[in-house]
Number of protein chains: 2
Amino acid sequence: MKTKLPRCCPSVLGTRLKRDDAEELASAFKAIADPGRLRLLSFIAAQPGAEACVCNLIEPLGLAQPTVSHHLKVLAEAGLLVRERRATWMFYRLVPERVRALQDALALPVDKPATKRSA
Amino acid sequence: MKTKLPRCCPSVLGTRLKRDDAEELASAFKAIADPGRLRLLSFIAAQPGAEACVCNLIEPLGLAQPTVSHHLKVLAEAGLLVRERRATWMFYRLVPERVRALQDALALPVDKPATKRSA
DNA sequence: CAAGAGTATCGACACTTGTCGATGAAAGAG
DNA sequence: CTCTTTCATCGACAAGTGTCGATACTCTTG
């Protein structure tokens, strides 16, 4: 490791985001990193009570029923939606706190002066 | 299309997010939906001036140089970073406005009472 | 120009993901 | 119980993605 050329800069760079935190955050963002799922969230959020029946999501989304079901599952597993059975129908309701959490994760260092990070 | 069972609800659901907008947003979120890229953003954001030399990113990230280069390219193409050559070294600087834009995209209908949407 | 250091691109690979048709499971109606 | 409606799961496929070694490119130095 013989360095002939000078270093470009002080090389501070304290590791901010840990590996585990990064993986967790990434999987959360993966959940919304799909056009269909974003539209699902949008559709549901636009409903009164921020909830919707699956039967009302399939047609406007323009995807096959199994595909919609799959996307809803992904969103639910990411904690962005909660399922609730109502008679024959299945309702999905938005979890605003979870959305807010993702929003906060995108806060720049400037935005959060001295906040302690927990999850 | 003969419906025997009653509908589950009024079926309002005005299409909120258009297909094109959804695709664009999704590709933006795809850019940050990766542990390595999130850490890159975090590392760079933590630097003074929110910029960093590639040579200082490879080791802390723990990935091979071509992989890091690839991730940086993805982030740059998403508009989250800008490249700048400085002598032999390549610097990547964070674009806060772009991060903010993603943040705003996650704003719930409750959060934005009557805001006009542009992008 | 030649040599060396820092990065980007290429090629290849394993793995993940979005999609849909077919099928199965849960709940209400008759 | 049988039929129908609604939704989830299964299986399979094409396409996309992360990863790295090898290689090419771009500056600077001598």
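Bear in mind that the values here come from a model prediction, so they are computed numbers and not experimental data. Just so we're on the same page: letters track the sequence lines, and every chain starts at 1.
A distance of 10.5 Å separates CG in A:Asn56 from CD1 in A:Ile44, rounded to the nearest 0.5 Å. Atom CG of residue A:Leu38 and atom NE2 of residue A:His71 lie 10.5 Å apart, to the nearest 0.5 angstrom. Annotation: the span from A:Leu94 atom CG to A:Leu40 atom CG amounts to 11.0 Å, rounded to 0.5 Å. Interatomic distance, CG of A:Leu25 versus CG of A:Leu106, reported as 8.0 Å (0.5 Å rounding). In this structure, the separation between CD on B:Glu77 and CZ on B:Arg83 is 10.0 Å, given to the nearest 0.5 Å.
For the pair A:Leu75 CG and D:dA8 C1', the interatomic distance rounds to 15 Å; values are reported in whole Å. D:dA8 atom C1' lies 12 Å from atom CD of A:Glu77, rounded to whole Å. At whole-Å resolution of the value, CE in A:Met90 and C1' in D:dT9 are 12 Å apart. Summarising the geometry, the separation between CZ on B:Phe91 and P on C:dG6 is reported as 12 Å, rounded to the nearest angstrom. We find that CD1 of A:Ile58 is positioned 14 Å from P of D:dT5, with the value rounded to whole Å. Rounded to an integer number of Å, the gap from CH2 of A:Trp89 to C1' of D:dA8 is 18 Å. One can place CG of B:Asn56 at 17 Å from P of C:dA5, the figure rounded to the nearest angstrom. When rounded to the nearest whole Å, the span between CG of A:Leu72 and C1' of D:dT9 equals 14 Å.
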Is there any protein nitrogen or oxygen under 3.5 Å from a nitrogen or oxygen in nucleotides 16-22 of chain C, and what are the pairs?
residue: C:dG18; atom: OP1; partner: A:Arg37; partner atom: NH2; Å: 2.8
residue: C:dG18; atom: OP2; partner: A:Arg37; partner atom: NH1; Å: 3.4
residue: C:dT19; atom: OP2; partner: A:His71; partner atom: NE2; Å: 2.4
residue: C:dC20; atom: OP2; partner: A:Ala64; partner atom: N; Å: 3.0
residue: C:dC20; atom: OP2; partner: A:Thr67; partner atom: OG1; Å: 2.9

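In this structure a side-chain-to-backbone donor-acceptor pair under 3.5 Å is present from A:Arg19 to B:Leu61.
OP1 and OP2 of D:dC27 both lie 4.0 Å or more from every side-chain N or O belonging to B:Thr88. The phosphate of C:dG6 has neither OP1 nor OP2 within less than 4.0 Å of any side-chain N or O from B:Tyr92. The phosphate of C:dA8 has neither OP1 nor OP2 within less than 4.0 Å of any side-chain N or O from B:Lys73.
Within 6.0 Å of CD in B:Glu84 there are more than 12 heavy atoms belonging to other residues, nucleotides or ligands.
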